[in-house]
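Heavy-atom basis, side chains included; hydrogens, waters and symmetry copies ignored. In listed order, ligands and their atoms are each counted from 1. Being a predicted model, the structure only gives us computed values, none of them experimental.
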Amino acid sequence: MPQDTDQGPDREMFELAVAAMDKAYAPYSNFQVGAVVRSASGALYAGCNVENAAYPQGCCAEASAISAMVAAGERRITEVAVIGRGEHLVTPCGGCRQRIREFADDATPIHVCGPEGPRRSLTLGELLPLSFGPGHLDTTTKE
Ligand code: THU
């Protein structure tokens with residue numbers, strides 16, 4: 001059974017995402033993003049985008065949140081929240097979809113939020129169909 005992905009983040013997750021967004025260092029794009037991942041233990045890890053004068057060295061919010069989770073010793077993402085301002089849905093960029101994929105699966109909900117609250121929930125499988133993941137590297141089980 002797929003999870004009920006229409007259900008947005010809980011209040012704690014949403015508020016952590018807002019707080020991370022508000023702390024984002026984005027002087028070049030002026031576009032602050034916050035992200036929160038929930039791990040298998042239920043713990044929440046927040047991150048924000050951190051830009052750099054050498055533009056390509058900037059880091060996405062999702063990447064920061066995932067780093068915090070891994071640094072805490074966790075390896076499984078069960079839920080993601082991303083938040084940004086503006087009228088458009090701030091879905092994870094292509095690279096971050098793949099970063100999330102490393103630690104999540106097709107059914108993992110990704111809650112896209114705006115400052116006013118949750119806007120839409122999608123699954124990773126919807127955002128990154130037919131994805132490549134760690135299992136693809138295991139060629140010993142077949143042939
Ligand atoms: N950004 C994120 O942090 N996450 C995304 O998924 C989309 C884009 C950041 C990168 C850059 O600092 C700013 O938003 C504008 O692209």
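Contact atoms of ligand 1 toward F31: 13 (C), 14 (O) (distance under 4.0 Å to a heavy atom of the residue). Heavy-atom proximity to S29, at under 4.0 Å, picks out these atoms of ligand 1: 13 (C), 15 (C). Shown in contact with P92 at under 4.0 Å from a heavy atom are these atoms of ligand 1, numbered in order with element: 6 (O). Here is the list of ligand 1 atoms found below 4.0 Å of a heavy atom in C93: 5 (C), 6 (O). When each atom of ligand 1 is checked for a heavy atom of T91 under 4.0 Å away, the hits are 6 (O).
Checked by atom type and distance alone, the side chain of R76 pairs as donor or acceptor with a backbone atom of A104 at under 3.5 Å. Between the side chain of E62 and the backbone N or O of A35, no donor-acceptor pair lies under 3.5 Å. Using a distance-only test at 3.5 Å, with no hydrogens or angles considered, no donor-acceptor pair links the side chain of N49 to the main chain of G58.
Using a 4.5 Å cut-off on side-chain heavy atoms (C-beta onward), V36 and P9 make no contact. Proximity of T123 to D106: side-chain heavy atoms (C-beta onward) are nowhere separated by under 4.5 Å.
Contacts between A61 and ligand 1 below 4.0 angstrom, taking non-hydrogen atoms only, involve backbone and side chain alike. Heavy atoms of V82 found under 4.0 angstrom from ligand 1: none, in either backbone or side chain.
Summarising the geometry, atom CD1 belonging to I66 is positioned 10.0 Å from atom SG belonging to C60; distances are rounded to the nearest 0.5 Å.
The protein atom (non-hydrogen) at minimum distance from atom 8 (C) of ligand 1 is C60 SG, 4.2 Å. Shortest contact from atom 9 (C) of ligand 1 to any protein heavy atom: N49 ND2, 3.5 Å. With hydrogens left out, the protein atom closest to atom 11 (C) of ligand 1 is E51 OE2, 3.3 Å, a heavy atom.
Under a 4.0 Å heavy-atom criterion, G58 is not in contact with ligand 1.
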- Message: Show, in sequence, the C-alpha distance, side-chain angles and deciding distance for T91 and R97, and conclude whether the side-chain hydrogen bond (donor to acceptor under 3.5 Å, both in side chains) test is met.
- Response: CA-CA 9 Å; T91 51; R97 293 176 197 201; 3.1 Å; yes
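Between E62 and ligand 1, a contact under 3.5 Å exists for at least one N or O pair.
For residues 27-51, every residue pair satisfying the salt bridge (Lys or Arg N to Asp or Glu O under 4.0 Å) rule, not counting sequence neighbours, is listed here: D10-R38, R38-E79.
Residues forming a ring pair (Phe, Tyr, Trp, His ring centres under 6.0 Å) with Y25 (at least two apart in sequence, or on another chain): none.
Proximity of atom 3 (O) of ligand 1 to the protein is indicated by at least one non-hydrogen atom lying closer than 4.0 angstrom.
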